[in-house]
Amino acid sequence: MSQRFIKLSPWSHALIHKKRFRLFSSSFTTPYLLLGTTLKNDLPDGSDVRDVLLFDPTKEEMLTVPNITFPEEVAGSRQIGSARGWGIFSNDHDRSLCISDLYSSLGPKSTLTMIPMPSLVAVYSNQTNAVWNVAMSSSPSDQDCVVAIKLLDRQLSLCRPHSNMRWTNVGEILAENNLQKLENSTLMYSKRERRFYLPGPGGNSLYSWDLHLKKNKVPSFHELMFRDLPELDDSEWKLLGWCCRTEHLVELASSGERFLVKWYAQRFFSSSHEGSNYTTRRFMVFREKKMTEGRYMHYTEDIGDVCIFISMSEAFCVEASSCSGLKPNSIYFIGHGFGIYNVADTTIHHFQAPEGAPTSFKDPYWLPPSRI
């Protein structure tokens with residue numbers, strides 16, 4: 001089941017009073033969560049000025065980046081995806097799209113980059129509301145960058161914004177093969193193999209596409225074989241079977257090591273809110289090992305110095321030792337709750353709300369350090 005809106009507050013109920021900070025560096029040295037913006041002034045040219053609100057997970061503090069000018073193309077648009085720190089924005093009036101490094105260029109000496117994209121309406125009628133996630137082969141400022149967008153209905157399209165201003169629809173292959181239950185699978189790009197990957201139903205397989213869109217639209221199929229599954233009671237396996245589950249394939253940029261993450265969320269009903277919601281039950285992490293017989297996924301409770309960040313943006317890995325304050329062997333997540341999952345002992349630390357933080361927000365995105 002798709003959960004795109006954070007209906008309940010993702011924070012822990014306790015409110016802690018923290019100071020606000022201002023970010024003056026032109027690049028991020030640690031991952032931040034984009035909480036939203038506060039409008040300050042509308043300008044005559046259609047642009048506006050806002051304060052940008054970020055959350056620092058290493059200090060559990062909110063950072064306010066003041067007086068950021070949002071150009072007209074972004075001011076009149078909504079963000080529909082994020083990858084590599086870049087946002088993709090959709091204008092609901094004319095359905096135009098653009099990519100910008102707005103949130104990774106917040107320093108006083110930074111130069112904002114805006115890259116136009118073809119409208120999705122030419123491929124799917126009125127489908128920009130159903131974007132599940134976005135992945136990119138490299139920084140969109142690179143001439144050879146390929147941008148991929150996955151929609152909720154299993155549709156998948158790719159585009160080279162600097163050389164071919166049109167979308168190539170490769171998702172039709174999935175529909176023709178009657179592949180179901182891919183709505184919750186998240187797209188990622190493997191720098192090691194120069195391919196886009198999408199986990200198959202249940203995370204038991206992978207589909208991949210290379211970057212030569214005109215030559216080959218048919219995905220490659222990769223069967224996964226699982227080893228060393230966790231020892232759980234039958235009742236726990238049964239409960240996990242009833243959970244909502246999403247699959248995320250992530251790759252450590254420095255080494256190319258890959259992990260498959262299965263995220264289990266349990267449904268609950270709230271007496272103080274209408275309807276139901278989901279809370280994180282647990283994660284399972286599998287380390288990939290490629291052998292002559294195929295791809296093996298070994299369950300692990302030790303990913304070493306690695307931290308995995310999962311949100312509505314393309315998932316990514318960071319080495320904890322490269323960012324002061326990060327907890328190694330952990331998953332930083334937002335969606336079904338908001339916190340840090342300890343891979344070793346399966347415990348969850350829930351973040352508490354800094355003073356002035358939004359109580360709820362839509363489609364929050366982790367922003368990676370500028371150097372990854």
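The first residue in the sequence is number 1, and the count goes up from there.
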Validation row, ring centre [X] to ring centre [Y] under 6.0 Å:
X: Tyr32; Y: Tyr103; answer: no
X: Phe283; Y: Trp263; answer: yes
X: Tyr207; Y: Phe221; answer: yes
X: His222; Y: Tyr197; answer: yes

Taking atom types as modelled, find out whether [X] and [Y] have a side-chain donor-acceptor pair closer than 3.5 angstrom.
X: Asp45; Y: Ser47; answer: yes
X: Ser321; Y: Asp305; answer: yes
X: Ser138; Y: Arg84; answer: no
X: Asp345; Y: Thr347; answer: yes
X: His248; Y: Glu314; answer: no
X: Thr280; Y: His336; answer: no

Verify, without hydrogens or angle tests, whether [X] (side chain) and [Y] (backbone) share a donor-acceptor contact under 3.5 angstrom.
X: Glu251; Y: Lys191; value: yes
X: Asn329; Y: Val343; value: no
X: Ser90; Y: Leu97; value: no
X: Ser137; Y: Val146; value: yes
X: Ser255; Y: Glu257; value: yes
X: Ser313; Y: Ser311; value: no
X: Ser185; Y: Glu247; value: no
X: Asn133; Y: Ile149; value: no
X: Asp101; Y: Trp86; value: no
X: Arg160; Y: Asp144; value: yes

I'd like to check [X] versus [Y] (side-chain heavy atoms, cut-off strictly below 4.5 Å). Are they in contact?
X: Ser157; Y: Lys150; value: no
X: Leu239; Y: Ser235; value: no
X: Asp51; Y: Thr64; value: yes
X: Arg282; Y: Leu240; value: yes
X: Met114; Y: Pro71; value: yes
X: Leu367; Y: Leu54; value: yes
X: Met225; Y: Lys289; value: no
X: Val52; Y: Thr38; value: no

In Å and rounded to the nearest 0.5 Å, what is the [atom1] to [atom2] distance from [X] to [Y]?
X: Leu198; Y: Thr186; atom1: CG; atom2: OG1; answer: 7.5 Å
X: Leu206; Y: Arg195; atom1: CG; atom2: CZ; answer: 11.0 Å
X: His350; Y: Ile340; atom1: NE2; atom2: CD1; answer: 11.0 Å
X: Leu187; Y: Phe196; atom1: CG; atom2: CZ; answer: 6.5 Å
X: Thr246; Y: Ile310; atom1: OG1; atom2: CD1; answer: 7.0 Å
X: Thr30; Y: Leu326; atom1: OG1; atom2: CG; answer: 4.5 Å

Heavy atoms only: give me the nearest [X]-[Y] pair and the separation to one decimal.
X: Pro57; Y: Pro31; value: CD-O, 3.2 Å
X: Ile115; Y: Ser141; value: CD1-N, 4.1 Å
X: Pro161; Y: Pro116; value: CB-O, 4.3 Å
X: His162; Y: Pro140; value: NE2-O, 2.5 Å
X: Gly203; Y: Phe226; value: O-CZ, 3.2 Å
X: Tyr299; Y: Asp228; value: CB-O, 2.9 Å

Does [X], at its [atom1] atom, have more than 12 non-hydrogen atoms belonging to other residues, nucleotides or ligands within less than 6.0 Å?
X: Trp237; atom1: CH2; result: yes
X: Glu231; atom1: CD; result: no
X: Arg227; atom1: CZ; result: yes

Checklist entry - Can a cation-pi geometry be assigned to Arg50 and Phe70, taking NZ or CZ under 6.0 Å from the six-membered ring centre and within 45° of the ring axis? => result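 Yes, Arg50 sits over the ring of Phe70.
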Checklist entry - So, is the end of the Lys262 side chain (NZ or CZ) under 6.0 Å from the ring centre of Phe286 and within 45° of the ring's axis? => result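 Yes, a cation-pi geometry holds between Lys262 and Phe286.
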Next on the checklist: Determine whether Arg258 and Glu193 satisfy the following criterion, salt bridge (Lys or Arg N to Asp or Glu O under 4.0 Å), listing intermediate values before the conclusion.
Outcome noted: CA-CA 11 Å; Arg258 278 208 293 256; Glu193 297 185 2; 3.1 Å; yes
Item to check | Step-by-step side-chain contact (heavy atoms from CB on, under 4.5 Å) determination, Gln79 to Ile88 | outcome: CA-CA 6 Å; Gln79 188 169 355; Ile88 183 165; 5.7 Å; no
Item to check | Full working for side-chain contact (heavy atoms from CB on, under 4.5 Å) between Arg281 and Arg245 | outcome: CA-CA 10 Å; Arg281 178 72 183 183; Arg245 187 179 67 204; over 6 Å; no
Carboxylate-amine/guanidinium proximity below 4.0 Å for [X] and [Y]:
X: Arg295; Y: Glu288; result: yes
X: Arg287; Y: Glu301; result: no
X: Arg194; Y: Asp210; result: no

Checklist entry - Could you walk me through whether Leu156 and Trp209 pass the side-chain contact (heavy atoms from CB on, under 4.5 Å) check? => result CA-CA 11 Å; Leu156 175 64; Trp209 293 261; 3.5 Å; yes
Item to check | Common cluster, Phe259/Tyr189, ILVMFWY with side-chain heavy-atom separation under 4.5 Å | outcome: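 Phe259 and Tyr189: separate clusters.
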Checklist entry - Do Trp132 and Leu249 belong to the same hydrophobic cluster, where Ile, Leu, Val, Met, Phe, Trp and Tyr are linked whenever their side-chain heavy atoms lie under 4.5 Å apart, directly or via other members? => result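 No, it is not one cluster - the side chains of Trp132 and Leu249 are not joined through contacts under 4.5 Å.
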Checklist entry - Please walk me through it: do Met62 and Leu35 pass side-chain contact (heavy atoms from CB on, under 4.5 Å)? => result CA-CA 9 Å; Met62 188 171 73; Leu35 295 179; 3.8 Å; yes
Checklist entry - So Tyr296 and His298, would you call those rings parallel, tilted or perpendicular, with 30° and 60° as cut-offs? => result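 Tilted.
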Checklist entry - Aromatic rings Tyr332 and Trp366: how do their planes relate, parallel, tilted or perpendicular, breaks at 30° and 60°? => result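 If you compare the ring of Tyr332 with that of Trp366, the planes turn out perpendicular.
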Item to check | Full working for side chain to side chain donor-acceptor pair (under 3.5 Å) between Asp56 and Thr58 | outcome: CA-CA 6 Å; Asp56 181 350; Thr58 65; 2.6 Å; yes
